[in-house]
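Since the structure comes first, as structure tokens, the remarks are kept for the end.
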Amino acid sequence: MPELPEVETVKETLKTRILGLKIVDIEIYYPKMMSDNTKSLLVNQTILDISRLGKYLIFNLDDYDLISHLRMEGRYYIKTDEPVLKHEHVVFKLSNGQQLRYHDTRKFGTFDLRIKGETYHTKPLSLLGKEPFTMDPVEFYNVLRHKDRAIKTVLMDQKIIAGIGNIYADEILYSAHVRPDRKAKDVSLQEATWMIERARGILQSAIEAGGTTIRTYVSSLGVTGRFQLTLMVHQRKGELCYICGDEIKKKIVNGRSSFFCETCQS
DNA sequence: AACGAAACCTGCGCGC
DNA sequence: TGCGCGCAGGTTTCGT
């Protein structure tokens, strides 16, 4: 589910709810999700801050950083003593009686614990490329020049540029007028520059939309980070392009569904 | 080195 | 109603 904007929204929302609270206990209902050793190190740590890099959420504690990746369907809920649901796999009990619950239908999410200071120098965070906000278009172009893969595959490669997933890749490519199945090495400097500029604009708009959506649900249970931004092409196969009126096409690119307009993108 | 496919999981919608 | 299949916004691992 979550790409960079959704994770940013989850981060901001959680910061308003659990900052300064101590983890007094943890219940693990799906052992593969978190080891007992990690649990023992987390207990008695206080949540001092929450940060984000790419699609990773990072709980900054006294002595450690807990790195959380939501993968496809991870979500956080803040509850008290309601019954624990089927897909709530990790429950962090906090010092004010609240519980931070990690919910993940497909169990793809991951937790990694790092000693402060090593967080950004070890996997997985050390593998991440720059986010679109800090990526220099010329640097990006120079990477593309050597890639014999579809441009969309490169745009979603977290080692090259961090934070973009399947939905935003489609939207960015549409906005930059580039077909998802073009070879990366055939993309021009002008196009690469548009892609970075459009990535920044679209991600920023999504963050603002997500923030708006969440703010209207301040007292709701879920902290999902779902945003309401109008999608121009993603999941619109057979519908009409808002710009030229042609039919939106769907094609599998490197195993991922990809939506685009043949007329507006080349 | 670099690429594509498979694997990790569960639930949902669709056609028969 | 029930079953099988395809599909889902991500990442890592494995084989070529």
Side-chain angles (χ1 to χ4, degrees), chain A residues 1-11 28-34 52-58 67-76 85-90 102-112 122-129 131-132 142-174 180-186 199 202-203 205-207 209-210 213 222-238 248 250-260:
Chain A
M1 173 196 278
E3 303 182 35
L4 187 154
E6 289 73 39
V7 180
E8 175 68 18
T9 301
V10 171
K11 183 200 78 178
I28 301 170
Y29 296 93
Y30 183 66
K32 288 177 71 173
M33 198 71 81
M34 179 181 288
R52 179 193 61 71
L53 187 60
K55 303 174 190 173
Y56 290 86
L57 191 63
I58 307 159
I67 304 168
S68 167
H69 197 301
L70 281 45
R71 293 288 177 94
M72 302 285 262
E73 302 189 359
R75 303 173 181 189
Y76 280 100
L85 301 180
K86 182 179 180 181
H87 298 299
E88 291 177 345
H89 305 305
V90 181
Y102 180 69
H103 180 291
D104 190 343
T105 306
R106 290 171 76 181
K107 301 176 178 171
F108 280 0
T110 57
F111 288 99
D112 287 283
T122 58
K123 289 195 300 181
L125 300 188
S126 63
L127 297 178
L128 293 180
E131 294 188 348
N142 283 328
V143 174
L144 298 188
R145 287 172 56 194
H146 306 291
K147 293 296 178 187
D148 190 29
R149 323 155 71 181
I151 180 61
K152 181 177 175 185
T153 306
V154 176
L155 196 55
M156 290 174 61
D157 187 333
Q158 304 302 301
K159 290 188 286 296
I160 294 170
I161 186 164
I164 299 168
N166 205 31
I167 291 181
Y168 291 108
D170 279 354
E171 297 299 311
I172 290 164
L173 288 166
Y174 173 78
D181 55 356
R182 282 260 301 282
K183 290 276 191 185
K185 63 185 179 184
D186 294 337
I202 289 169
L203 295 180
S205 299
I207 288 169
T213 300
V223 182
T224 67
R226 195 175 258 302
F227 76 105
Q228 301 297 328
L229 191 73
T230 303
L231 298 176
M232 301 295 283
V233 283
H234 192 78
Q235 289 292 9
R236 294 193 67 237
K237 178 189 176 184
I248 301 299
K250 173 181 175 177
K251 177 179 179 180
I252 304 296
V253 177
N254 204 26
R256 307 305 300 273
S257 291
S258 304
F259 301 83
F260 62 100

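All chains are named by letter (A, B, ...) in the order of the sequence lines, taking the proteins before the strands, and each is independently numbered beginning at 1.
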Would you indicate, yes or no, if [N] has its OP1 or OP2 atom less than 4.0 angstrom from a side-chain nitrogen or oxygen of [X]?
X: A:His87; N: B:dT10; answer: no
X: A:Lys123; N: C:dT12; answer: no
X: A:Arg256; N: C:dG10; answer: yes
X: A:Gln158; N: C:dG10; answer: no
X: A:Ser257; N: C:dA8; answer: yes
X: A:Lys55; N: C:dT11; answer: yes
X: A:Tyr56; N: C:dT11; answer: no

If the sugar-phosphate is the primed atoms plus P, OP1 and OP2 and the base is the rest, what is the B/S/- string for nucleotides 1-6 of chain B, using protein heavy atoms under 4.0 Å? --SS--
Nearest to the side chain of A:Asn166 - C:dG9, C:dT12, B:dC9?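 The listed nucleotide nearest to A:Asn166's side chain is C:dG9.
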Toward the 5' end of DNA chain C, by each residue's nearest nucleotide, A:Leu127 or A:His234: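 That would be A:His234.
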Determine whether a donor-acceptor pair (N or O, by modelled atom type, separation under 3.5 Å) exists between the side chain of [X] and the backbone of [Y].
X: A:Ser258; Y: A:Arg256; result: yes
X: A:Glu171; Y: A:Met232; result: yes
X: A:Gln158; Y: A:Ile164; result: yes

Given pairs defined as Watson-Crick or G-U wobble with both distances under 3.5 Å, what dot-bracket annotation applies to DNA chain C, with ( ) intrastrand, [ ] crossing, | other strand and . unpaired? .|||||||.|||||||
Indicate whether A:Phe108 forms a stack on B:dC8; treat it as stacked only if centroid distance is below 5.5 angstrom and interplanar angle below 30 degrees.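 It does: the ring sits over the base of B:dC8.
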Whole-Å distance between [N] [atom2] and [X] [atom1]?
X: A:Glu73; N: C:dG10; atom1: CD; atom2: C1'; result: 11 Å
X: A:Glu88; N: B:dC9; atom1: CD; atom2: P; result: 20 Å
X: A:Tyr168; N: C:dG10; atom1: OH; atom2: P; result: 11 Å
X: A:Ile207; N: C:dG9; atom1: CD1; atom2: P; result: 20 Å
X: A:Glu3; N: C:dA8; atom1: CD; atom2: P; result: 13 Å
X: A:Tyr29; N: B:dC9; atom1: OH; atom2: C1'; result: 21 Å

Can we say A:Asp157 and A:Lys147 salt-bridge, meaning some charged N sits less than 4.0 Å from an Asp/Glu carboxylate O?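 Here A:Asp157 does not pair with A:Lys147 in a salt bridge, since their nearest N and O are not under 4.0 Å apart.
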Charged N to carboxylate O under 4.0 angstrom, A:Lys251 versus A:Asp181?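 Salt bridge: yes.
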